[in-house]
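The next block holds one structure in the form of structure tokens; read it before the comments.
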There are 2 protein chains.
Amino acid sequence: MGNVAGAADAGALSLLRRKLASLGFHGEYELRCLQDGVAPRRSVLPGKDIVGAGDGPAHVTVLLTGVACLYQTLESGERQIYAFYYAGDFCDLHAYVAPERDLAVGALTDCTLGCIPYKDLDQAIKRHPELAIAWWRVAMLEARGIRERLLNVSRRSALERVAHLLCEQLHRRKAIGIDSQVIPLTQIELADAVGLSAVHVNRIVQELRNLGALSRKCRAIEVANPQLLQELAGFDAKYLTAPEMLAQWEVKTSSE
Amino acid sequence: MGNVAGAADAGALSLLRRKLASLGFHGEYELRCLQDGVAPRRSVLPGKDIVGAGDGPAHVTVLLTGVACLYQTLESGERQIYAFYYAGDFCDLHAYVAPERDLAVGALTDCTLGCIPYKDLDQAIKRHPELAIAWWRVAMLEARGIRERLLNVSRRSALERVAHLLCEQLHRRKAIGIDSQVIPLTQIELADAVGLSAVHVNRIVQELRNLGALSRKCRAIEVANPQLLQELAGFDAKYLTAPEMLAQWEVKTSSE
DNA sequence: CGCATCATTGAAGCCCTTCAAGACTTGTGG
DNA sequence: CCACAAGTCTTGAAGGGCTTCAATGATGCG
């Protein structure tokens, strides 16, 4: 709720600019029309929803700090996690073009959010149609991430699944400048993302600790040997879903 | 290879027009610039690739008739099917904005294809930026479909998975006017989509036949009792991923 | 007719789930 | 500062769903 002004907003804007640049959108001046939109801030505590199921917010939410996830709770009470969001990611861009029932975004750690009202987005797109291509690209990347999650659940053993998910998180965190070896997910959250029972994830985590891939120092998930973890996961960095590696992209319509 | 002219092209154009209208794009005249692009036709036999892994085609492919699938083959030789395509679906729109390694589109039945060269697409988008929002929407729907596939694999029993997949196919076929109760998928293809072994899918199919949900008349998958199948699957029509139900959408930028 | 692909069946066994209970951690209020 | 509650982590035992292997029967195609 607490609105912060000044320097913090500059940080948010530069985050947004980097993000859009990585998506192939290079309008320097044009970003200004979104700048004001990001100002309204919000904080959300772990376990609380950033976007509730069935919400029809009139703005797009940008994650500024923290970790969040896209998820759905089933009738049975189970929860399926579809994607993880980090600083710079858009949480509910999908709702702008295609409202989704039953889909929610939850905070996994303390989260800070920026909001871009739909009307600002409308105007920005109208003035700079290349933006729509950038959003299109965001959607494709989201699909790619979910495909990776499906592959994980469908074709890999429990140990590979967990190890692979941890490798992904490690890479995405590094890509935005977080070097900590600690991954702030509970075993329950891990289980909800890899489609295993929490009990079995626990056994896998212990196995990973025995193998030396994870640290035994603390209760949290701390990676002790990233190299080993990658080998156990069969993780291939080329499968990275993060848009950071795509900085060379150009928006087509502006070139021809 | 055989190019067909005249009446058949009119069918393809009307297919494309319906598709775009369902995505919220209503430019009557504007579609003409895509019309010429669809003319070049191609036929692909079952089991062959429409778009190979690593291909960088200079055009977007529209499926005009038949059934195709988006898939990936792993190092182990296994195949994961991510999505099914029917008449009117775009097979490789993703490659236009975000080239994908290892991803291929294969024909499951005899397929007829139309091609839209990238340069036509470039021009169309430049002239009518709302088109980019329509493509964006396509990408979101693709993501939604893959999420549904993930949910299927992650949280449901083998019988529910198979039944649910069959329900989806039935609905999508009906949405484009195919009323046949026969679903032209082999048990192996089913297995590759639901993440089960072919052997076990076979046992499930037999169980569904014993329960009366599937027909025993032929070797192919023929639905005998759609209602029962839906109950067994816990299938809820509201989860439909097909864009046909979204005809009420409007492209935002043109309204304000 | 022979070959390739798909469907079917059986047996053995492992991976993972479920249930149940206890230990540890954290935060909250008295 | 302690007690308590809530949530997470941990451990064991029992069982079932699915896989793998292997072999045989059907179907269709050149």
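All values below were derived from every heavy atom in this structure, side-chain atoms included, with hydrogens, water molecules and symmetry-related copies excluded. Here is the naming used below: chain letters follow the sequence lines, and residue numbers restart at 1 for every chain. Being a predicted model, the structure only gives us computed values, none of them experimental.
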d(CG, B/L214; P, C/dA7) in whole Å: 13 Å
Take the protein atom CZ of A/R203 and the nucleotide atom C1' of D/dA14, then report the distance between them rounded to whole Å. 12 Å
Are side-chain N/O atoms of B/Y71 and B/Q80 paired as donor and acceptor at under 3.5 Å? no
Expressed in angstrom and rounded to an integer, what is the separation of B/H200 atom NE2 from D/dC21 atom P? 16 Å
Indicate, with a heavy-atom threshold strictly under 4.0 Å, whether B/R209 touches base, sugar-phosphate, or nothing. sugar-phosphate
Sugar-phosphate, base or nothing in reach of A/S197, heavy atoms under 4.0 Å: base
Do the side-chain N or O atoms of A/R219 get closer than 4.0 angstrom to the phosphate oxygens (OP1, OP2) of C/dA23? no
Using whole Å, what does the distance between atom C1' of nucleotide C/dA7 and atom CD1 of B/I221 come to? 10 Å
Euclidean distance, atom CD of residue A/Q206 to atom C1' of D/dT8 [Å, nearest integer]: 13 Å
Mind checking if B/A198 touches a base, just sugar-phosphate, or nothing, with heavy atoms under 4.0 Å? nothing
Is it true that A/R149 and A/E168 make a salt bridge, defined as a side-chain N closer than 4.0 Å to a carboxylate O? yes
Do the numbers put B/R172 on top of the ring of B/Y86, so that NZ or CZ is under 6.0 Å from the six-membered ring centre and no more than 45° off the axis? no
Atom-pair distance (CZ on A/R155; P on C/dC15), nearest Å: 18 Å
Taking atom C1' of D/dC18 as reference, at what distance in whole Å does atom CG of A/L196 sit? 14 Å
Between B/E222 and B/R216, does any side-chain N to carboxylate O distance fall below 4.0 Å? no
If the cut-off is 4.0 Å, is A/Q187 near the phosphate of D/dT10, judged by side-chain N/O to OP1 or OP2? yes
Nearest to the side chain of B/I188 - C/dC16, C/dA7, D/dC18? C/dA7
Just call it for B/V205: base, sugar-phosphate, or nothing, with non-hydrogen atoms closer than 4.0 Å on any strand. nothing
Tell me yes or no: between the side chains of B/E142 and B/Y85, is some donor less than 3.5 Å from an acceptor? yes
How long is the line joining CZ of B/R161 and P of D/dC18, in whole Å? 7 Å
Please state whether the phosphate of D/dT10, meaning OP1 or OP2, lies under 4.0 angstrom from any side-chain nitrogen or oxygen of A/N202. yes
